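Dumping the structure here so I can ask a few things about it.
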Amino acid sequence: MVASGPSVGGFRRPPLDAVLTVRRAVRSFLAEPVASAHLRSGQLFVAVSGGADSLSLAEAAAYVGRRRGLTVGALVVDHGLQPGSAEVAEWAAQTALRLGVDTAKVLPVTVSGGGGPEAAARKARYAALREHAGDDALVLFGHTRDDQAETVLLGLGRGSGSRSLAGMRPLDPPWARPLLDVPRSVTAAACEELGVKPWSDPHNADPRFRRVRVRHEVLPLLEDVLSGGVAEALVRTARQLREDCDALDAMADEVAKRAREGADLRVDVLADTPPPVRRRVLRTWLLDGGVRELTDAHLRSVDDLVGRWRGQGGVFLPGDVEARRAHEKLVLNRCQPTIRGS
């Protein structure tokens, strides 16, 4: 049975098909045990930008949340990067309230730091959301199937490896993304059914940003050349890779428990481990040891201390850290290197 909107003055609103699709996605996501375990605080937050994805998500979260006895709050981050951003943020907060959330708060942030404007804005945004929501409640993001497909394509173009190709995780507490299987066209249609005109971020049409060009040029071309279904295929591939990555990470955790001796790693344990698993052990060890901006080349140079050992010296890594093999162990030193890693 197809649901219809309420009758007003004898006129019956059209069916809320897209709205129901978004609500269904949120309901199914929150019903999963791994997600519902993070709802014990009774609070649920939605990151709202004013765009169609986040506004349709806010309505769905409010609808589903009420039926689960949750207090649903909208969090609107004002990056202050565009003229009138404060007014847009306030409008987004008020619109979320009209769509049914219990509370709405604007969080002004200062965007600074390296890595480009996108990375700096993302860092500021996530910090503000975490500070307000804490670690006991989920924060929902409106990332859609199209966003996931774009993420996978960008990772493929950078040669970032399986972690990047696995895309965004649906659940990475406190962050949650219940719409990764919902196309962007559905969230736009949902806003239309709700009578809401979403805000259009000018940055989303600026070809200076690589993601924008992937969205408006690369993906449409691939859909045309390959006769459609590309976004779904990319998302499916990401899901499969994510499952593989999770399995390999679990294996790496077990190896790490056997290999660790204090702050060092035993070479004999690592030598008997398949390279993909071994490099996961090494990656975690190096990051925990203070290495920054670790690249695949760095990681493979350290892996050569086990897999291609020929008596070579240590490997210099970002953060003024040296990885060295000594007495059948891998050790990290804060000292000048013998050789520089490739």
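We count residues from 1, following the sequence as given. Please read all numbers here as calculations on a predicted model, not as lab measurements.
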note = Here the pair of heavy atoms bringing S49 nearest to S54 is N-OG, 3.0 Å

task = Using atom types as modelled and distance alone, determine if a side-chain donor or acceptor of Q148 lies under 3.5 Å from a backbone N or O of G167.
result =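 Judged by distance alone, no pair lies under 3.5 Å.
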
Pair L99-Y63, side chain to side chain contact (heavy atoms under 4.5 Å, CB included): steps then yes or no = CA-CA 9 Å; L99 290 171; Y63 181 89; over 6 Å; no

message = One pair to check against side chain to side chain contact (heavy atoms under 4.5 Å, CB included): R215 and N204. What are the steps and the verdict?
response = CA-CA 9 Å; R215 177 176 302 174; N204 289 337; 3.9 Å; yes

request  = Scan side-chain atoms only and decide if T144 and D53 contain a donor-acceptor pair under the 3.5 Å cut-off.
outcome  = no

Please tabulate, one pair per line, all N/O donor-acceptor pairs under 3.5 Å involving side-chain atoms of residues 121-131, not counting sequence neighbours.
from, atom 1, to, atom 2, distance (Å)
R125, NH1, H79, NE2, 3.0
Y126, OH, R177, NH2, 3.3
R130, NH1, D135, OD1, 2.7

ask   = What is the minimum heavy-atom distance between G50 and W91, and which atoms define it?
value =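 Minimum heavy-atom separation between G50 and W91: O-CZ3, 3.7 Å.
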
ask   = When rounded to the nearest 0.5 angstrom, what is the spacing between CD in E150 and CG in L234?
value = 10.0 Å

remark   = Here the gap from H38 atom NE2 to D136 atom CG, rounded to the nearest 0.5 Å, amounts to 10.0 Å

ask   = Okay, side chain of E328, backbone of R266: is any donor-acceptor separation there less than 3.5 Å?
value =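 The answer is no, because no donor-acceptor pair under 3.5 Å joins these two groups.
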
query = Are any side-chain N or O atoms of R40 and backbone N or O atoms of A37, one a donor and one an acceptor, separated by less than 3.5 Å?
reply =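 Yes, because the side chain of R40 sits within donor-acceptor range (under 3.5 Å) of the backbone of A37.
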
ask   = If you measure from CZ on R258 to CG on D272, what distance do you get to the nearest 0.5 Å?
value =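 If I round to the nearest 0.5 Å, the distance is 8.5 Å.
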
message = Please tell me whether R184 and T187 have a donor and an acceptor in their side chains that are separated by less than 3.5 angstrom.
response =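 No, because no side-chain N or O of R184 sits under 3.5 Å from a partner of the opposite role on T187.
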
request  = Return yes if some donor-acceptor pair links the side-chain N/O of N333 with the main-chain N/O of E322 below 3.5 Å, else return no.
outcome  =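 Side chain of N333 to backbone of E322: no pair is present.
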
Sidechain-backbone polar pair: D172 side chain, R169 backbone, donor-acceptor under 3.5 Å = no

Distance-only donor-acceptor hits, side chain of residues 274-283, under 3.5 Å, sequence neighbours excluded:
from, atom 1, to, atom 2, distance (Å)
R278, NE, D303, OD1, 2.5
R278, NH1, L270, O, 3.4
R278, NH1, T273, O, 3.2
R278, NH2, D303, OD1, 3.4
R278, NH2, D303, OD2, 3.3
R279, NH1, D303, OD2, 3.4
R280, NE, D249, OD1, 2.9

L286 vs V321 side-chain heavy atoms within contact, under 4.5 Å =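 Counting from C-beta outward, L286 and V321 never come under 4.5 Å.
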
query = Which pair of non-hydrogen atoms, one from R208 and one from D206, has the smallest distance, and what is that distance?
reply =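 Nearest heavy atoms, R208 then D206: NH2-OD2, 2.6 Å.
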
ask   = What about F209 and V152, same hydrophobic cluster or not, with Ile/Leu/Val/Met/Phe/Trp/Tyr joined at side-chain heavy-atom distances under 4.5 Å?
value =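 Different clusters: F209 never reaches V152 through Ile, Leu, Val, Met, Phe, Trp or Tyr contacts under 4.5 Å.
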
request  = Look at the side-chain heavy atoms of Ile, Leu, Val, Met, Phe, Trp and Tyr, link any pair under 4.5 Å apart, and say whether V48 and V186 land in one connected group.
outcome  =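 Yes; tracing contacts between hydrophobic side chains, which count when under 4.5 Å, links both residues.
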
inquiry  = Applying side chain to side chain donor-acceptor pair (under 3.5 Å) to D201 and Q82, what does each step give before you reach the verdict?
reply    = CA-CA 10 Å; D201 186 349; Q82 302 176 51; 3.0 Å; yes

request  = Give a yes or no on this: more than 12 heavy atoms of other residues, nucleotides or ligands lie within 6.0 Å of atom CG of D296.
outcome  = yes

request  = Could you check if a side-chain atom of D17 sits within less than 4.5 angstrom of a side-chain atom of E193, using non-hydrogen atoms only?
outcome  =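 D17 vs E193: side chains touch.
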
task = Side-chain contact test, heavy atoms from C-beta onward, threshold under 4.5 Å: evaluate it for R211 versus T151 and give yes or no.
result = yes

ask   = Is it true that the side chains of R300 and T295 contain a donor and an acceptor less than 3.5 Å apart?
value =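 There is no such pair (donor and acceptor under 3.5 Å, judged by atom type) between the side chains of R300 and T295.
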
key: Min side-chain heavy-atom separation R163-L165 under 4.5 Å   = no

query = Are T71 and L44 side-chain neighbours, meaning at least one heavy-atom pair lies under 4.5 Å?
reply = no

key: Pairwise distance CZ(R213) to CG(L154) - rounded to 0.5 angstrom   =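 One finds 12.0 Å between CZ of R213 and CG of L154.
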
key: Lys/Arg N to Asp/Glu carboxylate O, D264 vs R260, below 4.0 Å   = no

task = Looking only at non-hydrogen atoms, find the nearest pair between E59 and V19 and report the distance.
result = OE1-CG1, 3.7 Å

inquiry  = Less than 4.5 Å apart, side chain to side chain, heavy atoms only: is that true for V218 and L153?
reply    = yes

task = Considering non-hydrogen atoms only, spot the tightest contact between C191 and S56 and give its length.
result =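 Of all heavy-atom pairs spanning C191 and S56, the closest is SG-N, 4.1 Å.
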
key: Distance (rounded to the nearest 0.5 Å) between D146 CG and L180 CG   =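 So the gap between those two atoms works out to 10.5 Å.
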
message = Taking atom CZ as the centre, does R67 end up with more than 12 heavy-atom neighbours from other residues, nucleotides or ligands that are less than 6.0 angstrom away?
response =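 Yes, enclosed.
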
For the student: nearest non-hydrogen atoms of L55 and V196, plus distance =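 So the minimum-distance heavy-atom pair works out to CD1-CG1, 3.8 Å.
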
query = Rounded to the nearest 0.5 Å, what separation is found between the OG1 atom of T284 and the CG atom of D253?
reply =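 Nearest 0.5 Å value for the OG1-CG distance: 7.0 Å.
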
inquiry  = Ring of W309, cation from R325 - is the NZ or CZ under 6.0 Å from the centre and inside 45° of the axis?
reply    =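 Judged by the rule (NZ or CZ under 6.0 Å from the ring centre, within 45° of its axis), R325 counts as positioned above W309.
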
message = Quick check against the 3.5 Å criterion: does S36 have a side-chain atom that pairs as donor or acceptor with the backbone of P33?
response =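 At least one qualifying donor-acceptor pair exists.
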
request  = Report whether V331 and V302 are members of the same hydrophobic cluster (ILVMFWY, side-chain heavy atoms less than 4.5 Å apart, transitive linking).
outcome  = no

ask   = With a 4.5 Å heavy-atom cut-off, do V291 and H298 have their side chains touching?
value = no

message = Checking S301 against D304: is there a side-chain donor and acceptor pair closer than 3.5 Å?
response = no

request  = Answer yes if V182 and V235 sit in the same cluster of Ile, Leu, Val, Met, Phe, Trp and Tyr residues linked by side chain heavy atoms under 4.5 Å apart, and no otherwise.
outcome  =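 In one cluster with V182: V235, no.
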
query = Is a donor on one side and an acceptor on the other found under 3.5 Å between the side chain of H143 and the backbone of P178?
reply =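 No.
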
key: Contact check, side chains of L171 and F29, non-hydrogen atoms, under 4.5 Å   = yes

task = Sorted by first residue and then second, give each side-chain hydrogen bond (donor to acceptor under 3.5 Å, both in side chains) pair with at least one member in residues 223-244; sequence neighbours left out.
result =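 Non-adjacent pairs meeting side-chain hydrogen bond (donor to acceptor under 3.5 Å, both in side chains): D181-R239.
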
query = In the single-linkage hydrophobic clustering (I, L, V, M, F, W, Y; side-chain heavy atoms under 4.5 Å), do V88 and L97 co-cluster?
reply =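 V88 clusters together with L97.
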
message = The test is side chain to side chain contact (heavy atoms under 4.5 Å, CB included); show your working for F141 and M168 and say whether it passes.
response = CA-CA 11 Å; F141 289 98; M168 296 175 282; over 6 Å; no

request  = Assess whether side chain to side chain contact (heavy atoms under 4.5 Å, CB included) is satisfied between W285 and L330, documenting all intermediate values.
outcome  = CA-CA 10 Å; W285 177 65; L330 293 187; 3.6 Å; yes

